[in-house]
Every structure is written in C-alpha cells, then in structure tokens.
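Accompanying notes for the structure given below.
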There are 2 protein chains.
Amino acid sequence: MILIADDEERDRSWLKSLLNDNFADNGPIEEAHDGQQVVDMALKLKPPLIFLDIKMPHLSGIKAAEQILAQLPNTAIIMLSNFSDEVYVRQLWKVVPPNGVFGYVLKNASNEQVVEATRAVLSGDCWIHPGIARVIQRTQNRATNLTTAEYEALVCIALGMTDHAIAKRLYLTEKAVQSRLKSLYAKLGIPGRGESHDTEFNQRCRAVFLSTKRGLINQSELDDWEAKLQQAQDARASST
Amino acid sequence: MILIADDEERDRSWLKSLLNDNFADNGPIEEAHDGQQVVDMALKLKPPLIFLDIKMPHLSGIKAAEQILAQLPNTAIIMLSNFSDEVYVRQLWKVVPPNGVFGYVLKNASNEQVVEATRAVLSGDCWIHPGIARVIQRTQNRATNLTTAEYEALVCIALGMTDHAIAKRLYLTEKAVQSRLKSLYAKLGIPGRGESHDTEFNQRCRAVFLSTKRGLINQSELDDWEAKLQQAQDARASST
DNA sequence: AGCATATCCGGGGTTTACCCCAGCCAATTG
DNA sequence: CAATTGGCTGGGGTAAACCCCGGATATGCT
C-alpha cells in the first residue's frame, strides 16, 4: 500500500495514476488531503511508503512526517515540494531518524524522476532531487550554514522588527542582537559600509532579500512566525 | 485553434487533455514551451485564444501577451498563475487593451473553473479568478494603490539598497527618496516611531514583508530588477 | 480660474543601525 | 590540559534612516 497526501486535487490524481502505472504490485493507493488526515490514516494503515506534500492545510508535510515517524520510524517518506527551500531541507533533516529512508522531490520533476525516486526509496535508498543536493551541501557547510541564533535573528528582521523589539522578544541585549546580525551578514556575504563604495547596501533588507532568494526563509514560514509572535503579544497583553 | 504556453510539461498535458475533452470543436491545440516561442507561433498561426503561463523562461507570460496584443489586439488571452500576485494583475492591466478579452486563473483552480473561464472568454467575456477580484479591487483603490514612484522605491528597498544608492540610481535627491518611502509606509499602514509603543517596526523591512505578503512584489520580479540593476552598473563601469 | 494631488526639494532635528575593539564564559575538540 | 569556537557584554563612535515643517512645481479636474 502507498499513501499519498496533497491538498491539490490535480497533483493527487497525477501522482496516483503515475504510481498505478508503475507500481501496481505495491497494493492499493490511499489518498489524504491534509496534514492531519494523513497522520490519522498512516497510524491506522501503517503503509510502508508515504508521499507528503510540504504545503498542506492544518499540518505541514514536515510536521506530519515528524508525528508519523515518532510512531512508525520505519516508514519511508517522500516529500513533495514546490521549491528548493533550504528551510525545509533543514527541518526535514531534524525530523528524519539518522538511518531513516526518505526522498525529496520537487514538483517540477519529470515523471521519470518520480518513478526513479520511488524505486530508490522502496529498495531502501534515499533519493534527493538534483537541485537540492547543492542546498544540502550548503546546509552542512560550516562557513555558510546559519546557527539557530542567527536564524532567529534573521526571521525577526524579515518580519520588520527593530533591534530593540527583537531583544525584548528573545530576552537579549540589543548588543547581543546586533552581534547575531553581524555574523549573519558575514555569512550571507553582505559587504559592510567601509568596504567597496559602489555597492551600498542596507544590510538588513539585503539580508532578507538574499535569504529569501536562497530559500533560507520564505513567506509562508514567516507568516507562521508572525502568528506565533502575535499570540505571544496577546498573551502578554491579557496577563497585564 | 487554441494555443497553450507553459514550460511545465505536466501542466501542459493537463490543460491539453482538459481542453480536448471540453472544446473539441475549437480545432487543434498547439503547444509552446517558452515565452519567445509562443510569440512566434501566435504571430504565425493567429489563434483566437491563447493560454499563457506567467512564469516562463526567456519571456514572461505578461511580456509575451504584450507583444502578441500589439500585433493582434483581438486575441483572447487567459493567464495562468501560481499565485495571486498583485504585481501581475497590475502589469496585465497595462498590457490588455481597454476592451480586450482576457481571463486570469490560478493554477489551483478546479477543472470546472478552467472550463468556465474558457467558455466565458470564448464568448467575449472576461473571467477572473475569485481570489483575484479582491486584488483588483485594491488595485483600483486610490488610498492603498501604489503609484509608480512608490513602487520603484519599494523595489529598491526590497533589493536592499540604501537611500543614497536609490537616489543615485533613480536620479533623485535623498530627500525625494525619503519622501517616496514615507508615503509608501503610509499606504502600507505601517506605524511610525511616535505612535504606538509596543509595535516597534523597522519600517523599511516591514514594508518589504507586508508588500511580499500582499503580492505587491515577489522574488522572481525582484530577481529581474536586480538583473537590470546589474546591467546598468556594468554599463556604467565599462564607460568609465 | 480655483482646487486637489503627486512629486520634489530644502533646513534642522532624533533615533536607530552599524562599526571597531576588547573581554568573558561555556562548550567542544585535539 | 590547551585551544578553538560561538555567543553575550561593554564602551564609544559614525552614518543612515526616520521625523516635522514649509515651499515650489506640474498635472489634472471642476
């Protein structure tokens, strides 16, 4: 049995027919259309292989994978993503058990690539989309990989917070925030004020731009963070 | 005859079979897979209806539409887009002739919606995706609609440029730039420093965040702008 | 003509973001 | 055990980003 989860009807039927054509002997194909549903179905049906779309209502593919793997660590997971966002590769890395089997394919992959990935995962190998390999390389690179401290700061400035607001939120000094930002800028390769006169940048905005471009952050992730921020503020307001 | 243009093979075949099932009497369906090709084919074949994906290599769907409509203003165009980005609606508005016929459908539309849109456009009506109507409302709203001046400034800060760099690039004073930014912030509803103490924002980054959220700008548009910027700098460097 | 709007420009101010430098502490690593 | 690295703290500075104000120009609408 193979379980597939995607909120888009079109992608679901595309994948289903593709799997039916190539993996008919792996039993029936079950469908879920959001993150919560796929978790429920997975725990009940215990399928050996699950396709998960990253962007789904209620529960993202990553979080769904986390919950499923917590109960059934031997489940093979193939993630489907629209973009080569570094955030997701980052998050997936934490969720998948060290020797777990998983695949990561972009939605613009060819049918052949999806079949190839499925075949690989079913026989116990990992398959990662060509475009992503580069990203993973960077994820493991010491010099450019962001620490969680830097990542937190990055998200905050992307949301438009001031140093002062960030400090208050993360329980830090403004100096500490600036320290984080400084190393962030360095890792992103943004020139400072002193060096190079023709490339004048507002490092703050430039950092947001480059990070978005590289897929370190993206809008839907930021929306999540902003929602959390809002909740925290509401809680603080109601307690006073 | 119907001409469809999309760089993704999957979307192309999906649309083709959908049209074949529902509009068989409209003649054969021709396919193009990038912006330049669809312009060439359109000028040669003069199809009454063209489907255009917005995101295509070489030439965006909008620009392709512009070139086609310049020669064949009576062509009906249906745009296909992944997002409800305001930028695109904005640009499409300028390109389509006042009484031209066009449709705008998002790629997550149901098959029924696409059929409906096609039917409408073929009979001379415009069809706009439900989610977009709201965006168009805003595009025409005086109070929140950005002027081109403000939009230019917005793009520049999103790219991470300083006031000084923007001024140099747009041949303005720094004061003029700040003036543009000030009205931009006002239209985006970003509070200034004086008012409201618990909402402390770096207006610059906040503007970028909100604009991206609302679809006023997006990454691929910014990448285009940055490429232009780079060209201008190269030209300046080689002339000195 | 009168009015509104958008845009640009100027002076003169405050606050914030970034800069350099140095030191401390904790955890990791050879 | 050193040695290194990542992170926080501090002092003291410069320049960029934002603030309020008034004034000039052009454009379009009634």
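As the structure is a computational prediction, the values presented were derived from the model and not from experiment. The analysis underlying the following values was restricted to heavy atoms, covering all of them including side chains, and did not include hydrogens, waters or symmetry mates. Per chain, numbering begins at 1; letters A, B, ... match sequence-line order.
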For a quick test of reading the model: is some side-chain N or O of [X] closer than 4.0 Å to OP1 or OP2 of [N]?
X	N	result
A/T147	D/dG7	yes
B/R180	C/dT7	no
B/N202	D/dA17	no

Rounded distance in Å - [atom1] ([X]) to [atom2] ([N]):
X	N	atom1	atom2	value
B/K182	C/dG13	NZ	P	18 Å
B/L184	C/dT7	CG	P	11 Å
A/L172	D/dG7	CG	C1'	10 Å
B/I190	D/dA17	CD1	P	15 Å
A/H164	C/dC18	NE2	P	16 Å
A/E200	D/dA17	CD	P	8 Å
B/Q178	C/dT16	CD	P	16 Å
A/E174	D/dG11	CD	P	13 Å

Handout entry: B/M56 and B/D6, any side-chain heavy atoms less than 4.5 Å apart
Key = no

Go through [options] for me and flag the one nearest to the [X] side chain.
X	options	result
A/L181	D/dG6, C/dC18, D/dC8	C/dC18
A/T162	D/dG7, D/dC8, C/dA17	C/dA17
B/E150	D/dG7, C/dT7, C/dG10	C/dT7
B/Y185	D/dC8, C/dC9, D/dC18	D/dC18

Fill in the blank from the handout: Nearest heavy-atom approach of B/F209 to A/E226 is CE2-OE2, 3.5 Å

Exercise for the section: List the atom of A/V38, the atom of A/I68, and the distance in Å for their closest heavy-atom pair. Expected result: O-CD1, 4.2 Å

Exercise for the section: Would you classify B/S179 as touching base, sugar-phosphate or nothing, given that sugar-phosphate means primed atoms plus P, OP1 and OP2, and contacts are heavy atoms under 4.0 Å? Expected result: base

Practice task
Check every strand shown and say whether B/Q203 touches a base, only sugar-phosphate, or nothing at a heavy-atom separation below 4.0 Å.
Solution key: sugar-phosphate

Practice task
Return yes if a side-chain donor-acceptor contact under 3.5 Å exists between A/T212 and B/Q219, otherwise no.
Solution key: no

Handout entry: Side-chain donor-acceptor contact under 3.5 Å, B/H58 with B/Q36
Key = no

Handout entry: Base D/dG7 paired with A/K175 side chain (donor-acceptor, <3.5 Å)
Key = no

